[in-house]
There are 2 protein chains.
Amino acid sequence: MSLRDRRRAQTEREVGEVALALFEAHGIDATTVDEIARQAGISPRTFFRYFPTKERAALVPHRDLEDRVAAMVDALSPDRPVLPQLEEIWVEVLTAFDDGRSEAGEQVLRVRRLMRTEPSLRLAAASLDEERTLVLVAHLRDLLGDLDDLRARVLVETAAAAVRVALDAWAEAVETGGEVDLVATYARCRDLQHDPQRAART
Amino acid sequence: MSLRDRRRAQTEREVGEVALALFEAHGIDATTVDEIARQAGISPRTFFRYFPTKERAALVPHRDLEDRVAAMVDALSPDRPVLPQLEEIWVEVLTAFDDGRSEAGEQVLRVRRLMRTEPSLRLAAASLDEERTLVLVAHLRDLLGDLDDLRARVLVETAAAAVRVALDAWAEAVETGGEVDLVATYARCRDLQHDPQRAART
DNA sequence: GTCGTGTTGGCACTCACTGCCAGGATGGCT
DNA sequence: AGCCATCCTGGCAGTGAGTGCCAACACGAC
């Protein structure tokens, strides 16, 4: 990673933090790109060289999370069932981001809480998710042999759905008082997918 | 349904059709709201009284599809397992929209094909989906007793994921030549979710 | 030093989308 | 029929996101 790349990543983080703070303080609609850029010490024009939309600036932590997943899919084995392996990856990543115990986890939590009141941010996150999903699907297809594209898509989308619900529930629980274990919530979502009857009784 | 409502629905349909045709012809980015409004015989200001965004105009057929689902969830029974009932609803709705055999199905197909090359349209569809998902979840929560909110969300999202993948695969298959049975594709997606190992072998 | 490459900031522009207001159509009423 | 309340429409002016272009600038390699 070159010096230039590291500098870029650094400003990305700084601008993202400024944007997130402003969004939290005044709401997304009331925050202009000009204001973000001013507080971050860059020009509005440069802002759009770092982020394609205003909302994406707040999603830096979220992107980090998905980067970590992307880094782990290389280790997938074609010999064992894929879905459990995918789920295992998510468990590991979510464990690393759990609660506010880690810096990264704290940030993701801020983003997810903000999402609860900001539809445009949810949209932006969905858009980011979709990009990552495509990459993951392509990777899985290579791994499984190109034959079953449909299978790859279903697996990735299904796993992603469980994660999404778990993250939502997590943010909501934190908001409404109770501390909740993100990993446990995810495990529960996964069980509900695979055997709704049994999981519902627990 | 009053006369005013019917008129409104009618213009909605007309404007939507104009928008869809223009999007297909020149791409979404190259199509301005002014142009859509001009061809539809309304003012741009009025356009935004019918649709909150440019893209939403193309999603009228898609909304119809989801309306039909919403109409059927009232008949859900709390006594039988919920997921199979949900899946049954989707099968019925998708059957009604299959191929280009019905007018409505033809329109949905056009939209889904357009989506393949237009990220902004995919986004808009995701946004619409989310609204409907929320309503469905709320309904399910009432039905199941408020207790398990998480369960309702997981079920709805999981079922929706299968539908999304099936619609995508359908549009892609039509695009690349082969006629494909939408309902069969959906059934396959559903099986892949519930038992990936066995379904993959078929 | 200098040269090529990549980065920045300003400018001007397009266009989606919104609040406001004034006129016009509509449907219900007597 | 005539009248009134209500909704619908179109125009106007404004905001602000996002983009192409160009000129100035920083940099690493030689």
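Everything numeric here is computed off the predicted structure, so don't read it as measured data. Letters A, B, ... are given to chains in the order of the sequence lines, protein chains preceding strands, and every chain is numbered from 1.
- Where B/I28 and A/T11 each meet DNA chain C at their nearest nucleotide, the meeting point lying more 5' is that of A/T11.
- Side chain of A/E12 to main chain of A/V60: no donor-acceptor pair is present (N/O by atom type, distance under 3.5 Å, no hydrogens or angles).
- Between B/T46 and D/dT9 there is no side-chain N or O to OP1 or OP2 distance below 4.0 Å.
- Going from atom CG of A/D29 over to atom P of C/dA16 covers 18 Å, rounded to whole Å.
- A/T53 comes within 4.0 angstrom of sugar-phosphate atoms only, judged by non-hydrogen atoms across all strands, and of no base.
- For the pair B/D5 CG and D/dC8 P, the computed distance is 9 Å after rounding to whole Å.
- In this structure, A/D148 pairs ionically with B/R188, as a charged nitrogen and a carboxylate oxygen lie closer than 4.0 Å.
- Contact detail for B/P61 and B/Q107: the closest heavy-atom pair is CG-OE1, 3.4 Å.
- B/Y50 has no side-chain polar atom (N or O) that falls below the 4.0 Å cut-off from OP1 or OP2 of D/dC8.
- For the pair A/D34 CG and D/dT15 P, the interatomic distance rounds to 13 Å; values are reported in whole Å.
- Along DNA chain C, the nucleotide closest to B/R7 and the one closest to B/K54 are compared, and the more 5′ of them pairs with B/K54.
- Between the CD atom of B/E35 and the C1' atom of C/dT14 there is a distance of 15 Å, given to the nearest Å.
- In this structure, B/R38 atom CZ and C/dC15 atom P are separated by 14 Å, rounded to whole Å.
- Contact annotation for A/T31: backbone-only contact, meaning every heavy-atom pair under 4.0 Å involves sugar-phosphate atoms and none involves a base.
- Among residues at least two apart or in separate chains, ring-ring contact (aromatic ring centres under 6.0 Å, His included) pairs with a member in residues 48-87 of chain B are B/F47-B/F51.
- Between A/T32 and A/R49, the residue whose closest nucleotide on DNA chain D is further toward the 5' end is A/T32.
- We find that CZ of B/R6 is positioned 18 Å from P of D/dC7, with the value rounded to whole Å.
- In this structure, A/R45 and A/V33 both approach DNA chain D, and ranking their closest nucleotides by distance from the 5' end singles out A/V33.
- The CD-P distance, from A/E55 to D/dG16, rounds to 14 Å in whole Å.
- Distances were taken from every side-chain heavy atom of A/S43 (C-beta onward) to each of C/dG6, D/dG18, C/dG9; the shortest belongs to C/dG9.
- In this structure, B/Q10 atom CD and D/dC8 atom C1' are separated by 17 Å, rounded to whole Å.
- Remark: the backbone N or O of A/V165 is not paired with any side-chain donor or acceptor of B/E157 at under 3.5 angstrom.
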